[in-house]
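Structure first, then comments.
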Protein chains: 2
Amino acid sequence: MTKDLREDKLRSRVREIARFYHKNSRMPSFSEIGDLCGLRSKNAVFKLVNKLEGLKVLERDGRGRLRPRSLAHTARLLGTVEAGWPSPAEEELADTMSLDDFLIRNPQSTFLLKVTGDSMIDAGILPGDMVLVDKGLTPKNGHIVIAEVDNEWTMKYLKKRGSSVTLLPANPKYKPVKPKQELRIAGIVTAVIRKYG
Amino acid sequence: MTKDLREDKLRSRVREIARFYHKNSRMPSFSEIGDLCGLRSKNAVFKLVNKLEGLKVLERDGRGRLRPRSLAHTARLLGTVEAGWPSPAEEELADTMSLDDFLIRNPQSTFLLKVTGDSMIDAGILPGDMVLVDKGLTPKNGHIVIAEVDNEWTMKYLKKRGSSVTLLPANPKYKPVKPKQELRIAGIVTAVIRKYG
DNA sequence: GTATAAGGTGAACGATCGTTTACTGTCAAG
DNA sequence: CTTGACAGTAAACGATCGTTCACCTTATAC
């Protein structure tokens with residue numbers, strides 16, 4: 001058996017395991033890996049797992065249970081647009097990441113809101129976009145916040161100067177808002193997500 | 001024991017299990033749940049799991065192994081900015097979702113690129129943003145594409161008219177590009193992600 | 001041609017898995 | 001005061017877990 005063939009086989013096995021993981025939200029057991037990869041002996045699986053652990057494709061926790069590593073992540077991180085598309089070799093080495101882990105620091109206090117209106121259009125936030133909002137962070141000057149002013153909910157820049165607070169839209173069509181009485185800040189915008197198609 | 005207290009206890013146990021799941025990338029075993037929730041008997045865990053299964057917090061697969069349901073998702077989906085912040089009751093019922101599943105249809109062919117330059121700024125894509133690029137889709141008129149024209153990589157709108165192809169920037173500072181010879185489209189942009197802070 | 005390493009089979013191991021049965025308190029409703 | 005309905009403990013079950021042993025096959029290297 002030539003070397004390329006062996007690597008191909010290994011790759012397809014990793015793909016099978018990854019597919020199982022994404023389908024079942026858990027790693028397969030040793031005998032399940034055997035079924036997936038056509039291995040009748042659990043020892044063959046044992047050796048395969050050790051190899052994959054060395055390749056940092058997966059890892060074990062204290063009890064010998066399997067945890068995904070590069071398997072868990074769905075999008076590979078490449079360079080910049082300017083740099084263009086990397087070679088297949090670089091592509092293979094590309095770092096992978098989970099968008100959830102990347103974007104959400106506090107899962108309990110983070111929510112997703114849909115944007116209506118164009119008041120933040122100059123900040124690159126368009127109607128129909130989604131924003132991730134963290135309720136747990138303390139609002140600071142310059143943050144984009146979700147706020148309730150005089151019984152209306154809006155998304156604006158937060159401008160603090162001394163004790164005075166202003167809500168600044170990112171669109172010349174709209175005027176800055178100086179809350180008369182109540183200003184309730186529900187959370188600050190930590191990310192913007194736009195999906196096409 | 002009053003009813004509210006009991007529900008609080010249940011909620012905090014769900015939280016513990018969710019925390020374990022996100023930390024270890026797998027569901028805890030019955031005895032591990034016992035440790036997490038302060039239950040010395042596996043039967044108590046058994047009853048707890050059955051209750052949570054009824055509440056659709058988690059589920060079992062064919063072999064009795066646990067799978068997360070509402071546990072798996074990290075960001076809760078609420079309404080719109082205009083609608084403002086929902087009441088705690090609605091909040092509890094909010095749909096949850098995984099950003100990976102939401103944004104990525106084809107994991108194998110999807111990559112993440114960092115945006116440099118301001119040529120798409122009027123489309124709400126700013127320098128420093130990340131774009132999800134799918135290599136597997138066929139480019140169509142109106143899509144935003146990553147393309148190599150005359151040895152340079154750019155991100156532009158794809159304009160097709162008959163057999164002629166033009167790359168259209170979303171910034172009046174730049175001119176449309178009519179590729180002289182080669183036009184290699186590496187992929188189409190399926191989503192934009194901007195992270196603050 | 002022979003040695004060597006790698007990939008795989010098959011059987012056995014103790015440990016842990018999820019499940020079940022039997023029993024004990026503890027409240028709230030009748 | 002009695003009676004259920006819960007919530008929890010304790011012990012035992014077969015099944016499956018991850019691991020290890022000895023052995024076989026096959027291709028590459030010397």
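Throughout, a chain's letter reflects where its sequence line sits, starting with A, and its residues are numbered from 1.
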> What does B:L39 touch in the nucleic acid at a heavy-atom separation under 4.0 angstrom: a base, only the sugar-phosphate, or nothing?
Replying inline: sugar-phosphate
>> Output the rounded distance in Å from CZ (B:R40) to P (D:dA7).
In response: 18 Å
>> I'd like to know whether A:D61 forms a salt bridge (charged side-chain N to carboxylate O under 4.0 Å, His left out) with B:R26, so could you lay out the CA-CA distance, the side-chain angles of the two residues, the decisive distance to 0.1 Å, and finally the verdict.
In response: CA-CA 10 Å; A:D61 64 5; B:R26 66 169 174 87; 2.8 Å; yes
>> So if I define the base as every atom that isn't primed, P, OP1 or OP2, how would nucleotides 16-21 of chain D read as a B/S/- string at a heavy-atom cutoff under 4.0 Å?
In response: -BBBBB
> Rounded to whole angstrom units, what separation is found between the NZ atom of B:K51 and the P atom of D:dA5?
Replying inline: 15 Å
>> OP1 or OP2 of D:dG8 versus the side-chain N and O atoms of B:K9: is any pair under 4.0 Å?
In response: yes
>> If we ignore hydrogens and angles and just use 3.5 Å, is the side chain of B:N171 paired with the main-chain N or O of B:M120 as donor and acceptor?
In response: no
>> How close do B:K160 and B:P139 get, counting heavy atoms only, and between which atoms?
In response: NZ-O, 3.3 Å
> Should A:R13 be listed as having a side-chain N or O under 4.0 Å from OP1 or OP2 of C:dG8?
Replying inline: yes
> Does atom NZ of A:K140 have more than 12 heavy-atom neighbours from other groups under 6.0 Å away?
Replying inline: no
>> If you apply the rule side chain to side chain contact (heavy atoms under 4.5 Å, CB included), what do you find for A:D129 with A:I193, and how did you get there?
In response: CA-CA 6 Å; A:D129 289 358; A:I193 293 170; over 6 Å; no
> Quick one: which of B:I188, B:L112, B:L113 gives a side chain to side chain contact (heavy atoms under 4.5 Å, CB included) with B:V133?
Replying inline: B:L113
> If you fit an axis to the five pairs at each end of the helix from C:dG1-D:dC30 to C:dG30-D:dC1, how big is the angle between those two axes, to 10 degrees?
Replying inline: 20°
> Of B:V165, B:V177, B:T166, which is the lone residue that meets side chain to side chain contact (heavy atoms under 4.5 Å, CB included) with B:K159?
Replying inline: B:T166
> Which atom pair, heavy atoms only, marks the closest approach of A:R194 to B:I125?
Replying inline: NH1-CG1, 3.9 Å
> B:K47 NZ to C:dG18 P: how many Å, rounded?
Replying inline: 17 Å
